[in-house]
Amino acid sequence: VDGHAMQYLYSDSNGHHFMNQETFDQIALNEDIVGDAMKYILPETVIHYCGHAFYNHHPIDDQAELELKAQMEKVLTENRCTIAYGSLMAGSDILFAESILKLGGELNIWLPFGQDNFCNVAVHPAGKQWVERFQACIEKANTVSYATESDFLGDESLFGYCSDVAMGMAIMRANSLGSKRLQLAV
């Protein structure tokens, strides 16, 4: 007997659908095979995260960062948040992204405009260490998408627009999985 890590996707009239997490092959199992086990399989929670930047007038010390990250991981674990959507500004956005990745979740990043321009505007002012953390999250993300292809021309509304898009994507993903959704703002 071969064992494979399978992710529950959804249930419909054809059965309960699962995906092999290594090959992405999908199978449908009928009620006779699954039996009572389905009541123990909870749909995952899809989360939209957003928060404050930790530079300029909002710095955070190392101890406060560790405490905040522990609280984030507790919320993510207790709510079975395994799929996340949000941006990647220096501060709580990056802490959320690092936390979901640490817990083995799927990170889907939405940036309001081009990656290099975003990094210069919303990450670099916080320091080199935040730029390195930003790059590490980008490399490990499931997807990196952009709300617009234009550069940042000083229009702060792009940040809100991007958050709205990311939230909409999280809602659509949760609906497609038949799972709960959660928004967490710090």
Side-chain angles (χ1 to χ4, degrees), residues 7 9-10 19 21 24 43-60 65 68-69 71-73 75-76 79-186:
Q7 177 184 8
L9 298 174
Y10 61 94
M19 179 180 68
Q21 293 180 314
F24 304 106
E44 298 163 335
T45 300
V46 179
I47 187 169
H48 169 252
Y49 63 87
C50 57
H52 292 285
F54 294 163
Y55 56 88
N56 296 338
H57 303 293
H58 303 287
I60 187 170
E65 180 181 320
L68 180 57
K69 219 170 180 181
Q71 290 175 339
M72 289 176 176
E73 290 172 12
V75 169
L76 293 171
N79 289 283
R80 296 196 45 169
C81 298
T82 57
I83 302 170
Y85 287 83
S87 196
L88 209 53
M89 186 176 286
S92 60
D93 285 355
I94 288 178
L95 296 183
F96 277 119
E98 291 172 339
S99 295
I100 199 76
L101 290 168
K102 176 183 174 185
L103 296 171
E106 175 189 302
L107 176 62
N108 299 283
I109 297 170
W110 276 86
L111 300 178
F113 39 87
Q115 183 175 322
D116 292 339
N117 196 223
F118 178 82
C119 187
N120 288 335
V121 170
V123 182
H124 189 266
K128 182 181 177 187
Q129 74 279 13
W130 286 98
V131 173
E132 291 169 358
R133 293 167 78 173
F134 171 84
Q135 292 297 337
C137 289
I138 291 285
E139 289 172 15
K140 295 175 184 170
N142 181 55
T143 62
V144 178
S145 304
Y146 305 92
T148 180
E149 294 180 12
S150 68
D151 285 337
F152 180 64
L153 302 174
D155 186 356
E156 297 288 330
S157 68
L158 287 175
F159 292 96
Y161 171 68
C162 182
S163 185
D164 289 346
V165 171
M167 185 184 339
M169 296 304 292
I171 290 168
M172 289 191 323
R173 181 74 178 278
N175 288 346
S176 74
L177 294 173
S179 67
K180 295 186 299 183
R181 54 191 169 269
L182 177 70
Q183 181 179 37
L184 192 57
V186 171

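We're numbering straight along the sequence, starting at 1. Computed from a predicted model, the values in this text were never measured in an experiment. Hydrogens, waters and symmetry mates play no part in the numbers below; they use all other heavy atoms, side chains included.
Listed here is the closest heavy atom pair of Ala90 and Ala126: CB-CB, 3.5 Å. Of all non-hydrogen atoms in Ala174 and Lys180, the two that sit nearest each other are CB-O, 3.8 Å. Between Arg173 and Val46 the shortest heavy-atom distance is CG-CG2, 4.2 Å. For the pair Gly51 and Asp93, the tightest heavy-atom approach, listed with the atom from each and the gap, is N-OD1, 3.3 Å.
Separating the CD1 atom in Ile83 from the CD1 atom in Ile47 is a distance of 11.5 Å, to the nearest 0.5 Å. Note that CD1 of Ile138 and CD1 of Ile94 are 9.0 Å apart. Values are rounded to the nearest 0.5 Å. Between Trp130 atom CH2 and Cys137 atom SG the span is 9.5 Å, to the nearest 0.5 Å. For the atom pair CG of Leu101 and CG of Leu107, the computed distance is 5.0 Å after rounding to the nearest 0.5 Å. For the atom pair CG (Leu76) and CG (Leu184), the distance works out to 7.0 Å, reported to the nearest 0.5 Å. Tyr85 contributes atom OH, which lies 13.0 Å from atom CZ of Arg181 (distance to the nearest 0.5 angstrom).
No donor-acceptor pair closer than 3.5 Å links the side chain of Asn79 to the backbone N or O of Cys81. Ser92 places a side-chain N or O within donor-acceptor distance of the main-chain N or O of His52, the cut-off being under 3.5 Å. At least one donor-acceptor pair closer than 3.5 Å links the side chain of Ser87 to the backbone N or O of Trp110.
The shortest side-chain heavy-atom distance between Asn108 and Ser145 does not fall under the 4.5 Å cut-off. Contact annotation: the side chain of Thr82 never approaches that of Leu103 to less than 4.5 Å [non-hydrogen atoms, C-beta and beyond]. Between Phe24 and Met19, some side-chain heavy-atom pair lies under the 4.5 Å cut-off. For the pair Cys50/Met167, no side-chain contact is recorded, criterion being any heavy-atom separation below 4.5 Å from C-beta on. Two residues are said to be in side-chain contact when any heavy atoms from C-beta on lie closer than 4.5 Å; Phe134 and Met89 fail this criterion. Residues Val144 and Leu88 fail the side-chain proximity criterion, which asks for heavy atoms closer than 4.5 Å. Contact of the Leu95 side chain with the Arg133 side chain is registered, since non-hydrogen atoms from C-beta on lie closer than 4.5 Å. Taking the side chain as every heavy atom from C-beta outward, Leu182 and Val75 approach each other to under 4.5 Å.
Scanning for side-chain hydrogen bond (donor to acceptor under 3.5 Å, both in side chains) contacts around Lys140 gives an empty result, with sequence neighbours left out. With sequence neighbours left out, the side-chain hydrogen bond (donor to acceptor under 3.5 Å, both in side chains) criterion links Gln183 to His48.
Ring geometry for Phe152 versus Phe113: interplanar angle under 30°, hence parallel rather than tilted (30 to 60°).
Around the CD atom of Gln129, the shell of radius 6.0 Å holds more than 12 heavy atoms that belong to other residues, nucleotides or ligands.
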What do the steps show when you test Tyr49 against Ile100 for side-chain contact (heavy atoms from CB on, under 4.5 Å), and what is the final call? CA-CA 10 Å; Tyr49 63 87; Ile100 199 76; 5.8 Å; no

